[in-house]
Protein chains: 2
Amino acid sequence: MPPDTTRSHATLTDVAKAAGVSVGTASKALNGRFDVKRETRERVLRAADELNFRPNALARGLLAGRTQSVGVITNDLDGRFAPKIVVGVENALGADQSSVLLSITRGDPELEAHYIRSFQERRVDGILIVGNIPESRPPARGLDRTPVVYVFSPSSSPEDASVIADNVAAGRLAAEHLIEQGKRHIYYLGGPPEEVAARDRGQGTREQILAAGLSVSPLQILYGTWAEQWGWDAVGGILASGAPVDGLVCGDDQIARGAIDRLLSEGVSIPDRAAVIGFDNWWILAQNSRHPFSSVDMELEAIGGRAARILTTGAPAPGVVAHPGHVVARWSTIGDAPR
Amino acid sequence: MPPDTTRSHATLTDVAKAAGVSVGTASKALNGRFDVKRETRERVLRAADELNFRPNALARGLLAGRTQSVGVITNDLDGRFAPKIVVGVENALGADQSSVLLSITRGDPELEAHYIRSFQERRVDGILIVGNIPESRPPARGLDRTPVVYVFSPSSSPEDASVIADNVAAGRLAAEHLIEQGKRHIYYLGGPPEEVAARDRGQGTREQILAAGLSVSPLQILYGTWAEQWGWDAVGGILASGAPVDGLVCGDDQIARGAIDRLLSEGVSIPDRAAVIGFDNWWILAQNSRHPFSSVDMELEAIGGRAARILTTGAPAPGVVAHPGHVVARWSTIGDAPR
DNA sequence: TTGAAAGCGCTAACAC
DNA sequence: GTGTTAGCGCTTTCAA
């Protein structure tokens with residue numbers, strides 16, 4: 001008789017029957033327990049293979065009380081940050097044989113609550129709440145006792161666990177890199193002053209310049225928008241002012257690109273007369289442009305992985321873990337590689 | 001007595017007990033069945049609310065035979081295509097109260113097989129296999145009878161269901177748009193000739209030019225790479241040749257950007273003397289550049305949504321569904337909006 | 001070493 | 001209307 005094709009999957013009972021043993025024995029055999037005769041085990045394994053047996057994770061989870069799965073709540077998935085974070089999460093959990101349940105809220109608190117509920121019904125072992133801006137957010141509601149870790153956007157409650165990017169440290173790294181290249185007159189072209197990421201990166205830049213014994217006037221710390229046009233305009237202004245400038249820390253890669261385009265169009269040679277570094281290390285801009293440029297990689301994958309590991313390793317400890325990035329040096333600060 | 005906090009979640013039995021009814025009645029009440037007295041229902045609902053009851057989806061799924069969940073297998077999640085596709089999938093399924101199980105294979109067939117197995121054990125209702133290049137791929141192995149739809153990279157087997165981007169149609173749309181703007185001497189600057197996406201978009205461009213009664217020589221259909229530099233170089237070559245040119249269909253947004261930069265640097269006015277259109281409508285390039293440009297949006301979210309709906313609506317019909325995009329017109333073809 | 005049986009939490013069929 | 005019961009597929013005692 002051919003295998004039963006009416007039901008979608010063979011059950012353990014089917015396997016046991018085919019192998020001529022009881023379900024209990026079949027279970028032990030498949031789970032590699034030692035109290036099964038070798039010959040029996042082999043018979044069971046063969047039967048399972050022939051029937052294409054897939055142990056029902058629902059039944060297992062129901063019994064075990066845990067599901068080897070975590071829920072991930074994101075604001076968006078096509079922005080700049082969430083995709084890489086989720087990749088890091090998935091990598092970390094995949095190694096743990098855990099599954100990722102993904103949801104997208106578009107910032108809607110109602111939807112967030114809905115997904116939290118849905119994840120709880122599915123008995124996920126934990127929940128990651130991934131933000132898309134580096135600003136703190138109120139803790140999610142309706143959380144029961146499911147463990148939660150906030151990622152990128154920290155929770156405003158000190159009782160919660162969060163993993164975020166350390167923008168102050170990143171700013172320091174950027175400035176340090178320029179100073180190491182011998183630059184002495186460094187400007188910071190930041191994003192909007194009301195955004196904490198823009199301010200933090202600026203603060204780090206400033207701190208590091210001062211730490212190197214160089215001076216920095218308020219005129220060298222500028223705020224604008226996250227756009228190319230701002231980088232372009234700002235460089236125009238600085239050059240027109242006649243003030244000395246040999247290094248630019250740009251608040252993000254878009255600003256950096258605008259700055260570089262302007263420098264080149266004004267005939268300023270890069271990196272000799274002026275070096276430029278951005279943030280985020282977005283490959284489409286920093287790497288794939290006609291003029292590749294240096295950038296501080298915020299290591300979003302590592303941030304995601306770290307959050308996932310914190311979530312799945314006992315109860316997450318309250319507090320914020322800030323993750324620094326690292327500098328990826330390219331033409332705009334170190335010139336073309338020697339051949 | 002305070003509610004039991006030792007176990008993680010209240011069960012239906014707890015709720016029934018608290019409401020002074022049997023589990024059967026509690027179940028009916030919570031599921032809105034009509035054969036329950038109103039007063040009883042309200043008592044049950046109140047008890048459920050007080051105990052923060054979350055019906056165990058594992059138990060439900062075990063009984064029902066379906067889990068309201070689908071597995072999504074992607075190659076990557078930080079590339080150009082997968083994120084938007086997954087967003088479309090999630091939106092479509094969320095409306096259906098279904099969950100998305102996400103996995104990333106990095107193109108490793110072993111990992112793909114592993115995730116398929118894992119999804120089958122979790123009894124997902126279907127699987128979406130999302131590619132990251134528009135080339136066909138061999139069907140996945142070990143699939144049992146779980147329904148599958150391939151997305152973006154179609155399956156090479158005609159028995160499978162696939163939803164892909166229609167690059168030929170997209171090429172036609174791009175050329176049509178330039179022709180509508182009165183352009184008569186159109187070039188195509190494509191990606192690598194060995195890639196079907198590059199060829200398809202070129203073919204569509206060519207077809208539409210001919211359909212409009214214009215001529216197109218092989219010299220006007222050029223292939224290179226997907227990079228800005230190629231757009232920059234190609235435009236240089238065309239201008240140097242002195243051949244007439246007033247429209248450029250660029251194989252992707254990076255090429256378009258390079259082409260635009262070169263045209264501007266050579267003093268060619270856009271869009272009057274030459275109009276430019278790209279593909280993919282990648283906001284960081286097409287929209288956020290200093291010079292925004294037109295692009296054919298491949299509607300990846302719609303593709304993902306369509307695939308999800310096909311998957312969850314009965315058995316997917318074999319064959320390939322090709323999804324055309326639409327033109328997003330910006331400065332590079334229609335100039336600045338009148339004020 | 002193996003088998004029988006209880007039970008995870010829920011729904012649906014059948015009594016009352 | 002409401003209660004009782006039989007499983008869904010699995011793991012885990014406890015006997016044999």
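Each chain gets a letter, A, B and so on, in the order the sequences are listed, and its residues count up from 1. In this text the structure is predicted, and so the values were computed from the model without any measurement.
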### Task
Rounded to the nearest angstrom, tell me the gap between atom NZ in B/Lys17 and atom P in C/dG9.
11 Å
### Query
Over how many whole Å does the gap from B/Leu12 atom CG to D/dC8 atom C1' extend?
16 Å
### Task
Of all the heavy-atom pairs spanning A/Ala10 and A/Leu51, show the shortest one and how long it is.
CB-O, 3.7 Å
### Task
For D/dG1, take OP1 and OP2 only and decide whether either is under 4.0 Å from a side-chain N or O of B/Thr25.
no
### Task
Using whole Å, report how far CG of A/Asp35 lies from C1' of C/dG3.
12 Å
### Task
Nearest whole angstrom, please: distance from the P of D/dG7 to the CG of A/Leu62.
17 Å
### Whole-Å distance separating the NZ atom of A/Lys28 from the P atom of D/dT12
10 Å
### Task
Remember a base hit wins even if backbone is also touched, and classify A/Phe34 as base, sugar-phosphate or nothing at under 4.0 Å, heavy atoms.
nothing
### Query
Is the phosphate of C/dC8, meaning OP1 or OP2, less than 4.0 Å from a side-chain N or O of B/Asn56?
no
### Query
Does D/dT12 have OP1 or OP2 sitting under 4.0 Å from an N or O in the side chain of A/Arg33?
yes
### Task
Would you please confirm or rule out a distance under 4.0 Å between OP1 or OP2 of C/dG9 and any side-chain N or O of B/Arg60?
no
### Task
Can you tell me the distance, in whole Å, between the CG atom of B/Leu63 and the P atom of D/dG9?
9 Å
### Euclidean distance, atom CD of residue B/Gln120 to atom P of D/dG9 [Å, nearest integer]
16 Å
### Message
Measuring from the side chain of A/Thr11 (C-beta onward, heavy atoms only), which nucleotide among D/dT2, D/dT11, D/dG9 has the closest atom?
### Response
D/dG9
#### Entry: Evaluation steps, side chain to side chain donor-acceptor pair (under 3.5 Å), between A/Asp144 and B/His9
CA-CA 8 Å; A/Asp144 271 19; B/His9 284 278; 3.3 Å; yes
### Message
Taking 4.0 Å as the cut-off, does a side-chain nitrogen or oxygen of B/Ser22 come that near to OP1 or OP2 on D/dG3?
### Response
yes
### Query
For A/Ser27 and D/dT12, is the shortest distance between a side-chain N/O and OP1 or OP2 below 4.0 Å?
no
### Query
Say you draw a straight line from CD of A/Glu90 to CD of A/Glu301; how long is it, rounded to the nearest 0.5 Å?
10.5 Å
### Message
Let me confirm one number: the CG-CG distance from A/Asp125 to A/Leu101, rounded to the nearest 0.5 Å.
### Response
10.0 Å
### Task
Examine the side chains of A/Arg122 and A/Ser69 and answer whether a donor and an acceptor come within less than 3.5 Å of each other.
no
### Task
Find the distance A/Arg66:CZ to C/dC8:C1' and express it as a whole number of Å.
16 Å
